[in-house]
**Q** 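The structure is given below, and queries will be raised subsequently.
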Amino acid sequence: MYMQNKDLRVLKTIQKAREFSDFELSNEQLVSDLIKAELATLNIEQREYITSFLNQLIESKNKALLSNK
């Protein structure tokens with residue numbers, strides 16, 4: 001009998017996707033390809049832009065939470 005080794009990260013991702021009803025990430029081949037994909041490195045300017053964007057999102061979320069109190 002042929003035993004196929006599966007990446008535990010893929011299986012955990014699929015399990016979480018099913019818990020959150022995310023059917024796109026329930027595709028084992030897609031998740032496996034995403035995990036194995038080569039990512040391009042970011043230059044300093046791109047990193048700073050992403051950091052700034054994420055900080056703005058966090059600030060907006062915090063302001064929204066404070067306005068609901």
**Q** Which other residues end up in the same hydrophobic cluster as Leu8, if Ile, Leu, Val, Met, Phe, Trp and Tyr are linked when side-chain heavy atoms come under 4.5 Å apart?
**A** none
**Q** Going by the rule side chain to side chain contact (heavy atoms under 4.5 Å, CB included), which residues pair with Leu54 if we only count those two or more places apart in sequence or in a different chain?
**A**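 For Leu54, the residues satisfying side chain to side chain contact (heavy atoms under 4.5 Å, CB included) (neighbours in sequence not counted) are Ile50, Leu57.
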**Q** Give every residue pair that meets the side chain to side chain donor-acceptor pair (under 3.5 Å) criterion with at least one member in residues 38-50, sequence neighbours excluded.
**A** none
**Q** Which ILVMFWY residues can you reach from Leu34 by hopping between side chains whose heavy atoms are under 4.5 Å apart?
**A** Val10, Ile14, Leu25, Leu30, Val31, Ile35
**Q** Under the salt bridge (Lys or Arg N to Asp or Glu O under 4.0 Å) rule, what pairs show up with a residue in residues 51-68, not counting sequence neighbours?
**A** none
**Q** Rounded to the nearest 0.5 Å, how far apart are OG1 of Thr51 and CG of Leu42?
**A**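 So the gap between those two atoms works out to 9.5 Å.
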**Q** Test: salt bridge (Lys or Arg N to Asp or Glu O under 4.0 Å). Region: residues 17-34. Which pairs qualify, not counting sequence neighbours?
**A**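 Listed once each, the pairs are Lys6-Glu28, Lys16-Glu19.
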